[in-house]
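Presented below is the structure to which this report refers.
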Amino acid sequence: MSQPLDLLEIKDFLVKLALEAGELITSKTGKTEFVDKANSVDLVTETDAAVEKLVAERVAATYPDFEFMGEESYVPGETKLGEKPTFVVDPIDGTTNFIHSFPFSCTSLGFTVNREPVVGVVYNPFLKLMYTGVKGHGSFLNDERLPLRKSVSKLTLQNALIGIEWGTQRSGPNYKCKVDTFNKLAAEDGAMVHGFRSLGSAAMNICAVAAGMLDAYWEGGCYAWDVAAGWIILSEAGGRMVGGNPGLWNPAVDERVYLAVKADEGSEQFINDFWGSMVGKLDY
Ligand code: IPD
């Protein structure tokens, strides 16, 4: 019979690996050329590939029987997230931040079983923010348990500070849905939310929701490696991840459309109100 998985041991392994990856990332900041992927705002650097290689090698040496899915080695249409234990990795989430020396990029190291995120480590080496989460064991920022702060008042759409991203598609129906929805949420004759923030990294945004610094984060277009680690950090902090389109209460980790909401008694109403404010639907 196979051994039960020791999730805490996997978390410790990922923390050490994230620190090692962080040294590589900070040593290259301001020194790496970038190239375009899909278009001139979808960017990648040599350091993304170098960090993924480091992570993949360490994972293969320590957990040779487990699967690996990484942003840089992903082959569209071929790489699929399956039921086996899988490391789901974004070597640098927030590559555009990395290129611009805006200190909000991180290494996002997730671990899934049956496609469910069960361990997550997100490390921002510039600000030394180490977020960790393990199923059944809570989540932490450095040594502090999440959420760091509870709501002062019940969460409502109107009172919310919401993480958003423009994404790399800057035309077409998804872009229109985002821009029209941002407008409706912000406008005086719409929800008139408190504000929006863009940290430039899905993992950093989700962890900010887990910590209670953002009330929610809405995203369309990112991938499993952007969200897997943050997802378990969020859910262990009492928050919830639902889909980025109305009615998606139980999204898959590779759903590509997400709404992360902090722990709050008003979260269900907030989710319904957010979905009700969307102008159109996202389709990735
Ligand atoms: C991107 C960031 C960004 C999100 C994009 C992601 P990358 O990841 O997380 O915030 O809006 O969808 O692709 O390219 O920096 O690893």
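Order of listing sets the numbers, starting from 1, for every ligand and every atom in it.
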Of all the atoms in ligand 1, which lie at a distance below 4.0 Å from a heavy atom belonging to [X]?
X	result
E71	14 (O), 16 (O)
A202	2 (C), 9 (O), 10 (O)
D90	16 (O)
G94	7 (P), 15 (O), 16 (O)
C222	12 (O)
I92	16 (O)

(message) When you measure from the heavy atoms of N205 to every atom of ligand 1, does any distance fall below 4.0 Å?
(response)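 Flag not set, N205 not near ligand 1.
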
(message) Taking the basic N atoms (NZ, or NE/NH1/NH2) and the acidic carboxylate oxygens, is any pair closer than 4.0 Å for E57 and K53?
(response) yes

(request) Determine, considering heavy atoms only, which of I99, I206, D93 sits nearest to atom 9 (O) of ligand 1. (result) D93

(request) Return the option from G230, G200, C106 holding the heavy atom at the smallest distance from atom 3 (C) of ligand 1. (result) G200

(message) At under 4.0 Å between heavy atoms, is it the side chain or the backbone of D226 that contacts ligand 1, or both, or neither?
(response)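 The answer is the side chain of D226.
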
Mind checking whether [X] and [Y] have parallel, tilted or perpendicular rings, split at 30° and 60°?
X	Y	answer
W166	F182	perpendicular
F13	F87	perpendicular
W231	Y258	perpendicular

(request) Give the residue and atom name of whichever protein heavy atom lies nearest to atom 11 (O) of ligand 1, and the separation in Å to one decimal. (result)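 In this structure, atom 11 (O) of ligand 1 has E219 OE1, 2.8 Å as its nearest protein heavy atom.
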
